[in-house]
2 protein chains.
Amino acid sequence: MSEASVPGAPSLETVGGDPELGVQRWWSEREQRLLRRRPRVDGLTIERIILTALALVDVEGLEALTVRRLADELSTGSASLYRHVSSRDELLVLVVDHVLGEIVLPDVGLSGRAKVEWLSKELRRVLIAHPRLLPALTASPLLGPSAVRGAQNGLGNMLEAGFAPAVAVPAYLAMIDFVLGTVYFDTSRAGQNSSTLLINGDGFDRPSAAEVFEFGLRTFLDGLTHRFPPPQ
Amino acid sequence: MSEASVPGAPSLETVGGDPELGVQRWWSEREQRLLRRRPRVDGLTIERIILTALALVDVEGLEALTVRRLADELSTGSASLYRHVSSRDELLVLVVDHVLGEIVLPDVGLSGRAKVEWLSKELRRVLIAHPRLLPALTASPLLGPSAVRGAQNGLGNMLEAGFAPAVAVPAYLAMIDFVLGTVYFDTSRAGQNSSTLLINGDGFDRPSAAEVFEFGLRTFLDGLTHRFPPPQ
DNA sequence: ACCTGAACACCGTTCAAGT
DNA sequence: ACCTGAACACCGTTCAAGT
């Protein structure tokens, strides 16, 4: 997994050379590259690679996704994979965006608040469907086509729910942080027992991860409506 | 980083054999072991190992923390480190709890709600101080002595703020998820640009990570008070 | 008893040599 | 032009041999 860039380095989006993995320009240049490309003779496609990688992660975990192991799974050599992806990190970025593509956008007929709730639940749903992939979520900025689609819908929903941009933007971002936080720590070992055993030790009931999510989402949205009542 | 245990496996806390890394019994058995231990002649102590590992992560990132490299840093061989920690994962667990030990608990004179806010901000503060360590947070349940100290204080604050246990418990857990979510995604590459470039593209102002955190915390706590008004 | 050099079984990635 | 075997420079971890 790649490290964060050095603070103070020039903005990655504007520099002339190769763009950093996963930033906006990286995605657009990748699209150009894919269009220019001739079909490969060996039957290997990036789609097949991504699906096989995801299946491997789902079944055996992120650690099992090694370039060599994936090549085995595809009956080829590890070097051959490097004709389709330039690094293991790039592969992870592609798999993550593929999973975000499973998000079903809310029906346009729903109210703004209902759309906000729908999208949060969908994000949680698709991520929980692939719990062992989650540590890869932080490997790159979430700017692939599916992530962008979700973010545009999500922010749009907040605006449609009647919040001014100066409220909708931090509200949207805070809600994403909350959803990712619950998913991350509820499915990883961090949340598995976490503070909870303690709580059991104190004789309190332990709510399920889903209950904590519902509770937090509802409380946050109620607080939002309470702090910023919709204009009449 | 270790993988989550197989779902459906017997509870890790109650089985007879060696407890899984980071669970409660693991911590207590570790304490027993440390008490029985004679001082080492080579000057290597677990404290020195933890501090050196944390410094290495802070300066060069989590990837640079290899057993071999850490051994170099301590002028010894990698095999020698295995007399103090049984794996790289165990080392990460110890470093994470060490960092949580930097949390300053709220002054007892503060109100319940002020204590809740204080602890959330402290958790955020100590984690942000070591951004490159964060991916290690999910490697194990957070049940070390410092994590337990923080969790007990955190839940206690919620109760002291006047919420019934059935509210305080999910509220506490949801808030932790939110704090960890903001820290995680604001400091990792995932949040670095995230949905935010998009937003810039749409002409909206981009709030800072700190602003999103403050906004979310305040909104959540307001929602909590609104949904569950304190008895008189 | 304690310590550790050297080995084992892996990694991600590159590149010269093949077709 | 496309593909890939074999190598390079690493890993985490173990264990027999040393003191």
Side-chain angles (χ1 to χ4, degrees), chain A residues 1-3 18 20-22 33-46 48-50 52-53 56-57 60-96 132 135-136 139-140, chain B residues 1-3 18 20-22 33-46 48-50 52-53 56-57 60-96 132 135-136 139-140:
Chain A
M1 208 145 309
S2 51
E3 293 290 309
D18 276 357
E20 190 157 338
L21 178 60
R33 239 180 298 125
L34 288 179
L35 290 175
R36 261 183 263 119
R37 165 181 262 171
R38 300 204 237 145
R40 296 291 157 79
V41 294
D42 56 4
L44 254 191
T45 61
I46 187 65
R48 205 154 74 82
I49 292 172
I50 290 172
T52 307
L56 190 53
V57 171
E60 300 189 35
L62 198 55
E63 288 185 336
L65 180 58
T66 67
V67 176
R68 287 156 196 262
R69 176 66 199 282
L70 180 59
D72 267 3
E73 218 68 39
L74 291 161
S75 305
T76 182
S78 63
S80 302
L81 286 184
Y82 282 88
R83 309 193 78 351
H84 297 84
V85 285
S86 66
S87 69
R88 179 178 185 269
D89 276 354
E90 174 171 328
L91 179 64
L92 291 176
V93 167
L94 297 175
V95 172
V96 165
R132 309 180 83 168
S140 75
Chain B
M1 209 143 310
S2 53
E3 295 290 308
D18 275 357
E20 190 157 339
L21 178 59
R33 240 181 296 125
L34 288 179
L35 291 175
R36 259 184 263 117
R37 168 179 259 170
R38 301 204 236 145
R40 295 292 155 79
V41 293
D42 56 5
L44 254 192
T45 62
I46 188 65
R48 205 153 74 86
I49 291 171
I50 290 172
T52 306
L56 190 52
V57 172
E60 300 189 34
L62 197 54
E63 289 184 336
L65 180 58
T66 67
V67 176
R68 287 157 196 261
R69 176 67 198 283
L70 180 59
D72 267 4
E73 219 67 40
L74 292 160
S75 307
T76 181
S78 63
S80 301
L81 286 184
Y82 282 87
R83 309 194 83 348
H84 297 84
V85 285
S86 66
S87 68
R88 179 178 184 271
D89 276 354
E90 174 172 328
L91 179 63
L92 290 177
V93 166
L94 298 175
V95 172
V96 165
R132 310 180 83 167
S140 76

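Here is how names work: the chains are called A, B, and so on, in the same order as the sequence lines, proteins then strands, and each is numbered from 1. Please read all numbers here as calculations on a predicted model, not as lab measurements.
Side-chain N/O atoms of Ser80(A) include one lying less than 4.0 angstrom from OP1 or OP2 on dT4(D).
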**Message:** Base contacts versus sugar-phosphate-only contacts with protein, heavy atoms under 4.0 Å: please encode nucleotides 6-19 of chain C as B, S and - from 5' to 3'.
**Reply:** -B---BBBBB----

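Atom OG1 of Thr52(A) is separated from atom CG of Asp72(A) by 12.5 Å, given to the nearest 0.5 angstrom. In this structure, CG in Leu91(A) is found 7.0 Å from CD1 in Ile46(A), a value given to the nearest 0.5 Å. Taking OG1 from Thr66(B) and CD from Glu60(B), the interatomic distance works out to 9.5 Å, rounded to the nearest 0.5 Å.
When all heavy atoms of Leu74(B) and Arg48(B) are compared, the pair lying nearest together is CD2-NH1, 3.8 Å.
By the side chain to side chain contact (heavy atoms under 4.5 Å, CB included) test, Ser78(B) pairs with Val67(B), Arg68(B), Ala71(B), sequence neighbours left out. Evaluation of the side chain to side chain contact (heavy atoms under 4.5 Å, CB included) rule for Ser87(B) yields Asp89(B), Glu90(B) as partners, not counting sequence neighbours.
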**Message:** Dot-bracket for DNA chain C, please. Rules: Watson-Crick or G-U, both distances under 3.5 Å, ( ) within the strand, [ ] when a pair crosses earlier ones, | for another strand, . otherwise.
**Reply:** ||.|||||...|||||.||

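A donor-acceptor distance shorter than 3.5 angstrom exists from the side chain of His84(B) to the backbone of Leu44(B), with no hydrogens or angles considered. Judged by distance alone, with hydrogens and angles left aside, the side-chain atoms of Arg88(B) form a donor-acceptor pair with the main-chain N or O of Leu65(B) at under 3.5 Å.
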